[in-house]
2 protein chains.
Amino acid sequence: MLSKKTQYAFHALIHLAENVDKGPILISEIAQEKNISIKFLENILLELKNAGILGSKKGKGGGYYLMRPPREVPLARIIRLLDGPIALLPCVSLNYYERCENCKDEAICGLNEVMSKVRDATLKILENKTLKDILTRN
Amino acid sequence: MLSKKTQYAFHALIHLAENVDKGPILISEIAQEKNISIKFLENILLELKNAGILGSKKGKGGGYYLMRPPREVPLARIIRLLDGPIALLPCVSLNYYERCENCKDEAICGLNEVMSKVRDATLKILENKTLKDILTRN
DNA sequence: CATAAATCCTATAAAAACTATAGGATAAAT
DNA sequence: ATTTATCCTATAGTTTTTATAGGATTTATG
């Protein structure tokens, strides 16, 4: 399961994407709209900003905004940033690989093979779907 | 990522499946072969037994064995038993569903839709692949 | 029937990760 | 100068994960 942090990030990004024309959006507005602890959300948005996904403006009229159009932000990017690996096992992770400590040879390990397939199927979706694809349909 | 518990379970089950003709297998043998803490593994095997996946025999000549042929044990079963939900979000979980607390209507939530697709793609593999499919290839 | 071998069971400890909060620092608008 | 809002870092609280401990129970066998 995705952590609360990542879940909150998605909902916040959705709100920002749906209000992309309204200039900077307040943390407090997002927190209220999406029912998220404001202080927790503050940390999350800051992390997204430091990663270059969001921009911000301080002071009156300030807030957060997307640095790129929603269709250019893949969901996988957000998950990897806040949650780490997407794969189910360290030995099949593309970005956070670690050698398996329980099997002798990953090249002939059937678990490795199946979990690689799961990773590929998952990434095929999460690398290609973007913020644009998770906006509320109406 | 899958927990260590689930990872160990898979490796233990692989060992049991690969030695299905040798009668009951000792915890200590599996632990040594797969480099797993024996006491931790003991708890895991017991849980698998209580769920009906493994059988056991006490005393001399005892140990653990599979209750069914490897091809009848889907990987999803093991993960759900030891790790819980396979889905990335509570609101798209088939077995551990919880309502989303951050969106107003799941029926029109785009995040829900995409994560349902991820779940389906993952389950298509994990429900159909079994212990037989993760045995060492040689 | 005594002994050794092995799982059974429950409790608990240790560590790590997750979730959330606090409070002052900094920057911008007016 | 004042107000507004993000920036930054620390830390507290809780839960989950990982691992260990130790005696109870069951079984095989000489």
Side-chain angles (χ1 to χ4, degrees), chain A residues 1-9 11-12 16 22-32 34-67 79 81-85 88-90 96 98 101-102, chain B residues 1-9 11-12 16 22-32 34-67 79 81-85 88-90 96 98 101-102:
Chain A
M1 299 264 281
L2 299 179
S3 66
K4 284 283 182 188
K5 198 168 160 183
T6 299
Q7 294 180 41
Y8 291 162
H11 287 288
L16 289 173
K22 293 186 188 149
I25 307 288
L26 294 181
I27 298 176
S28 56
E29 175 184 322
I30 303 172
Q32 179 162 21
K34 296 294 188 174
N35 193 33
I36 303 172
S37 150
I38 186 169
K39 270 303 204 175
F40 196 20
L41 183 58
E42 190 183 309
N43 294 332
I44 296 167
L45 296 184
L46 190 55
E47 208 167 335
L48 289 169
K49 186 214 155 199
N50 290 334
I53 291 162
L54 296 181
S56 69
K57 195 184 164 193
K58 286 182 176 177
K60 192 166 189 181
Y64 280 98
Y65 50 89
L66 289 168
M67 288 293 277
I79 296 177
L81 176 66
L82 300 176
D83 255 26
L88 293 180
L89 296 178
Y96 301 83
E98 284 174 42
E101 292 169 331
N102 308 113
Chain B
M1 300 264 281
L2 299 178
S3 66
K4 284 284 182 189
K5 197 167 161 184
T6 300
Q7 294 180 41
Y8 292 163
H11 287 287
L16 289 172
K22 294 187 186 147
I25 306 288
L26 294 181
I27 298 176
S28 55
E29 176 184 322
I30 303 172
Q32 180 162 22
K34 296 294 188 174
N35 192 33
I36 302 170
S37 150
I38 187 170
K39 270 303 202 177
F40 195 19
L41 182 58
E42 189 184 310
N43 292 333
I44 296 167
L45 296 183
L46 189 56
E47 208 167 335
L48 289 168
K49 186 214 155 199
N50 290 335
I53 291 163
L54 296 181
S56 68
K57 196 183 162 193
K58 284 183 179 179
K60 194 168 186 179
Y64 279 98
Y65 51 88
L66 290 167
M67 289 294 277
I79 296 176
L81 176 65
L82 300 176
D83 255 26
L88 292 180
L89 296 178
Y96 300 84
E98 283 174 43
E101 291 169 330
N102 308 112

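The chains referred to below are lettered A, B, ... by the order of the sequence lines, with proteins before strands, and numbering in each begins at 1. Atom set for the values below is all heavy atoms of this structure, side chains included, hydrogens, waters and symmetry mates excluded.
- Annotation: of the two residues near DNA chain C, Tyr8(A) and Glu42(A), the 5′-most nearest-nucleotide partner is Tyr8(A).
- Distance, Gln7(A) CD to dA20(C) P: 10 Å, rounded to whole Å.
- Of the residues listed (Gln7(B), Lys4(B), His11(B)), the one engaging Glu101(A) in a side chain to side chain contact (heavy atoms under 4.5 Å, CB included) is Lys4(B), and it is the only one.
- Residue Leu45(B) is classed as having no contact, given no heavy-atom separation below 4.0 Å to the nucleic acid.
- Taking atom NZ of Lys5(B) as the reference point, atom P of dT18(D) lies 9 Å away to the nearest angstrom.
- Separating the CG atom in Leu2(A) from the CG atom in Leu88(B) is a distance of 4.5 Å, to the nearest 0.5 Å.
- Distance, Lys57(B) NZ to dA5(C) C1': 12 Å, rounded to whole Å.
- Nearest-nucleotide mapping onto DNA chain D: of Ser56(A) and Phe40(B), the residue sitting toward the 5' end is Ser56(A).
- Rounded to an integer number of Å, the gap from Ile44(A) CD1 to dT19(C) C1' is 9 Å.
- dT7(C) atom C1' lies 14 Å from atom CG of Leu16(B), rounded to whole Å.
- Remark: side-chain polar atoms of Asn102(B) are not paired, donor with acceptor, to backbone N or O of Tyr8(A) under 3.5 angstrom.
- Applying the 3.5 Å distance criterion, the base of dG23(C) shares a donor-acceptor pair with the side chain of Lys39(A).
- Residue order along DNA chain C, read from the 5' end via each residue's closest nucleotide, puts Leu26(B) first among Asn43(B) and Leu26(B).
- For dC8(D), the base has no donor-acceptor partner in the side chain of Glu47(A) [N/O atoms by modelled type, under 3.5 angstrom].
- Rounded to whole Å, atom C1' of dA25(C) lies 8 Å from atom NZ of Lys58(A).
- Per the geometry, NZ belonging to Lys4(A) stands 12 Å off C1' belonging to dA20(C), to the nearest Å.
- Looking at the side chain of Ser37(B), the nearest of the listed nucleotides dT7(C), dC8(D), dT20(D) is dT20(D).
- Rounded to whole Å, atom P of dA22(C) lies 12 Å from atom CD1 of Ile38(A).
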Name every donor-acceptor pair, under 3.5 Å, that has one atom in a side chain of residues 42-61 of chain B and the other anywhere in the protein, sequence neighbours excluded.
from: Glu42(B); atom 1: OE1; to: Lys39(B); atom 2: NZ; distance (Å): 3.3
from: Glu47(B); atom 1: OE1; to: Lys5(B); atom 2: NZ; distance (Å): 3.2
from: Asn50(B); atom 1: ND2; to: Leu46(B); atom 2: O; distance (Å): 3.4

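- The 12-atom threshold is not exceeded at CE of Met67(A), counting heavy atoms of other residues, nucleotides or ligands nearer than 6.0 Å.
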